[in-house]
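These notes are about the structure you will find just below.
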Amino acid sequence: MSGAREKKRAKKMRNQPASVTLPAEPGPFPGGGSRACPPSGDVRSEQQYQQQKFSNQSSGPSYRKDQYFPKGQNRGERGRGRGGWQGGRVSEEMPKYITVSTFAQARAAEINAMLKAVAQKSSNSLVFQTLPRHMRRRAMSHNIKRLPRRLQEIARKEAEKAVHQKKEQSKTKCRKARRRHINLVAEFNRRQRKNIWLETHIWHAKRFHMVKKWGYCLGDSPTEKSYRACYRAMTKHCLLQDLSYYCCLELTGKENELLKQLARICSIDTGLTFEEACCLSGRFEGSLNLYRADRYPEDMLGPITFIWKPRDGSENRQLWIWMHPALKQDMLRELKAVFQCSEPEEIYIPEPITTTIQEEKQVDVVLSLGKKRKKEDKEGEKAVPVKKIIGDGTRDPFQSYSWISQTTGIVISDRTMEILRYRLIGPLSHSVLTETLKAASLQTEVADSETELNNWWVENCKDSEKVSLHQRQSAIFELLEGMSSPSEMPPGTILGLTVGDPRVNLPKKKTKAMPDFEKYQDNDKVRQLYLEGVPVDCAHSFIWDQDICKNVTENKISEQDLNHMRAQLLVPGSHLDLGPCESKIPILLVQQPGKMAGEDRPGWGSGWDIYLPKGWGMAFWIPFIYRGVRVGGLQEALKHSEYQRTPHAPNDFPDCQAGMQFAKELETSLLEKFKRRPPAKRANYVKLGTLSPFVCPWGQLTKNWEGRMKASGEFVHPSSPHPELCATEGHSFCDSKAEVVKEASPETGEVEETMEIISSEGVLKTEDVIGAQEFGERDETMTTSDFIVLRSEKLLMQLSAWCYPTAGKDRRLRLISRLGQKEMTEDVFLPILMSYPRALVWVNLSLLRKGNPELHAMICIPAEDDLVHLSKDKLFCGPQEPKHRDIFKHKVQKLKEEKKKKKKDNTKALESDPPSVPDKKTTEEHEDLILGLWSDALPDITSHCSRTLLGYVTRGDFSLAAGCGEALGFVSLTGLLYMLYNQPADKKGLVLLRTPASLQYRFARLNIEV
Amino acid sequence: MVRFKNRYVLCEVVSEDPRCRQCIEDRAVGLAVRDAVGRVHGDYGLACCSISFTVKYLNAYTGTVLLRCRKDSYRLLCSALPFVRQLESRNQRYPCSLNTLHVGGTIRTCQKFLIQYNRRQLLMLLQNCTNEEERRCIQKSLLSCSLTEEHSQSGDEEDDDGPE
């Protein structure tokens, strides 16, 4: 910064004369008259020369000497001058008179210097800017002839300089040409080569802040003010989201083969598996967490949702696995490994069509781009229209996206961007759906024999069985309108449907879709739907068939044609009836259950997901918009999951790769933001006692808690009172937990041994990991994280019951007995500790009184005094953390001083030897220490502050849904058990929250919702 | 534009003793002037003049000194300048006096004035010269200063083109 300023100043001052003094040589030259007369040429040159002569080439002010001797003529003069001067040196006596020549020469030299200073412009401004105001003229900046003639020469030189040159005109000429459709499409295609665009990209780009994430261009949040409006839409009406960026992997193969391998990557402990009967039938959508094969509970891969295609007679089943794009690469790799699908075989691919379409398109685009010039030159050549990229624009056309297993014949294909997915959240989402979509009409003859438009549908309508299925589906779909909320359906209900073109019945004005309950008040069918849900066969949809999808995508009537037909209607604005030409689109509707866990707001945030074949994105999007839905981006999705209190991928999965990556990125961005503040305005986190304000050190947290427990021996002492019981309990609790424990369960001693081995290994590993974190890199060997996140449903239920607040003892007992859980005793939780020494638990916290939790806020255990104080004083907000001492301050200051000194040296060097400075100054030393951040390896983080640290908040904000501050985060399992064990019964689950930049603790209630 | 307005005082050091040139330095001149102001106007005057007071330029060979002070207090400074009686540096003290040539609002005007002034001096010298050699010498230097202007300009342009 200062370097640049100095440079600027040097540039400004280059023409200014420097002061000229006599050389500092008192002795032999008392400043005789001859000395006082500089030889002709520049005064400074003389002086410099003298300095060089007398101070033995010490660092004299060699101030651009070449500037002063530009011509040989001058140099000659200088030489002569030196001679004269040497002559003068001989005369030791001070003369009593003034030599005229020297007098004149000194004056002349000064005139020169001054002339230079006056004539040369020294500032960075342009020539015309130096003119007085009354001489300025319009258009002076680009028309040189407007300037006074004496300045024209300088201005011409200035204009030629590269800096002032205008940016080169882009090759595409005028805006009109650029906006021409063909050029626009070509440009769009070029721009989506790098990051994938969703089909609604243009729509979003006009209304949203766009971010580039996970290889996509996604809308982050609307540009308009809509934080609260989006929440209202979620709770009262309908919020629409484009989730097409979610990735779909399709597995095809025999059912038992698929299930056998899939069982390895998930666990029954965490809830559902792929084998779940109702999901397997294709009736419901399931969601679960994937792990690396046979590695449960370590090596988490991430959360997914899956849909089985309903059985249709053939023995091959299709399975869609939907996941977040950040998790895709890991999962794909793992699935390929599990199914041994290594070779990407194009011959065996049952759907080579998709790739070839893309290939064609890509080639098309490339050709057309290459030939653009030529085409314009030769009008006669038939112009190939540039096709819009539909689907994934970044795909390499020559790379296969399907993999087949030679042994089992299972095919894994990546169908990302082939199926679009929109999410409607809110109680009125199905009235939006029913109003927008109309079931396709039956059709028995092909409209136009040339095109293959709808031929699949005609084919289908010939089959009476399929016709009846379609009618049943559409009947159920219409009944949906009678439901008051999507949450009334069983969670994950799937309804297949074939609908007509939604653009046909577009309303003239944007209206709000409202349900008409009176119509369905006494309808038995609606009641039946409530009770029984959607039958299995109605889940069937043609969207599973890729040929049909391709047909539908290709035979879409363009918007232009549709508008043309609309214009030709006899009565303007009347309903357009396309008749047999109307496209039929197979879709899939999947109910999203919303909030299921916990007690308050059941079914909040429920809605429908709609799956479409690609190419139809905008055709469905605009009609939805016309039904008064509000559109949300990534931020709104985040809020949705926050109010639902569910973890959001990949933010809240610290144990999977994508989650770690996310945390790292978050840390760097937060650190950047922190550094951008002026140092005086930064929070000093060391003083606040916040060890890691930008990242949650989960590994260290779990390690420290384990160490604590070992050291205190409070409830992990080796001489457990009931070793047998403990072991058996452990066995009963963790049915299929870590195998180590299982094997070791018969003998407790062995358990301890293994535990110790594990822990010692863990310690080493953790240290490594921490070291790696320090340097901001984590190589492949560290992928196995040293902690796990507890996802076993049984254990979570148990924990949830334990941390339930109770007023009286009996209520608690009742509750526990209701949940079928045991009272919290040592015998029960010891085995949990044994089997999960380093586990984190997903918890939610709601603040009792004041406070707004933030990202990375610390969850702490309240001291006994705090609880006493709270029970005495109802208005007690929470204790204060005493201020810490900044132990790094002097270090930082020392560093700063050193830097300053160095800088001073630099500036000195600048004064003495300016030409060599620029390259010197560019070397900018890296600063490791930042004031206010902990710079060493972290100490024991649990006991660093006055309250023991339990965990961290990963997401926290004021919750509009709950009306108080709410936070979601992870706590150490060990710590949680320790806290619950020591807390009085009526205060169980009370914790303290402290945001990183504050000393104030706030009380919060900890909950585990299962 | 809003800025602090300064006054620049261009003076000439007049001394009998040629060795006085040795004392013409930033520090020595500044101290001498300050001393004079302090003597004449007291502490108040010294404080007034000290605000942004510096020696911007000096030339020991010609004895030119350019001083800067705030516009408000330049009268105090100017009135004190005649009271500078000596310059002192390195334990040597030489009597001298300061002759104010010009008071300007910018350095640039002072520079312009200095050019004009020096030219006049040279011309005067040329008129008054007594022998042929002197006349030749002065003519040469006169020519050199006008010539080098062009040279330096062309040289500068080369210089400009070089780095950019």
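Throughout, a chain's letter reflects where its sequence line sits, starting with A, and its residues are numbered from 1.
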Taking all atoms of both residues into account, what is the closest heavy-atom pair of Leu122(B) and Ile111(A), and its distance?
-> CD1-CD1, 4.0 Å
Taking atom CG of Asp43(B) as the centre, does the number of heavy atoms from other residues, nucleotides or ligands within less than 6.0 Å exceed 12?
-> no
Taking atom types as modelled, find out whether Tyr117(B) and Glu110(A) have a side-chain donor-acceptor pair closer than 3.5 angstrom.
-> no
Step through the shown structure and confirm whether more than 12 heavy atoms of other residues, nucleotides or ligands are within 6.0 Å of CZ on Arg68(B).
-> yes
So CG of Leu123(B) and CZ of Arg107(A): to nearest 0.5 Å the spacing works out to 13.0 Å
Answer with side chain, backbone, both or neither: which region of Leu125(B) has an atom nearer than 4.5 Å to a non-hydrogen atom of chain A?
-> side chain
Partners of Arg136(B) by side chain to side chain contact (heavy atoms under 4.5 Å, CB included), sequence neighbours excluded?
-> Glu133(B)
Count the heavy atoms of every other residue, nucleotide or ligand shown that sit under 6.0 Å from CZ of Arg39(B), and state whether that count exceeds 12.
-> yes
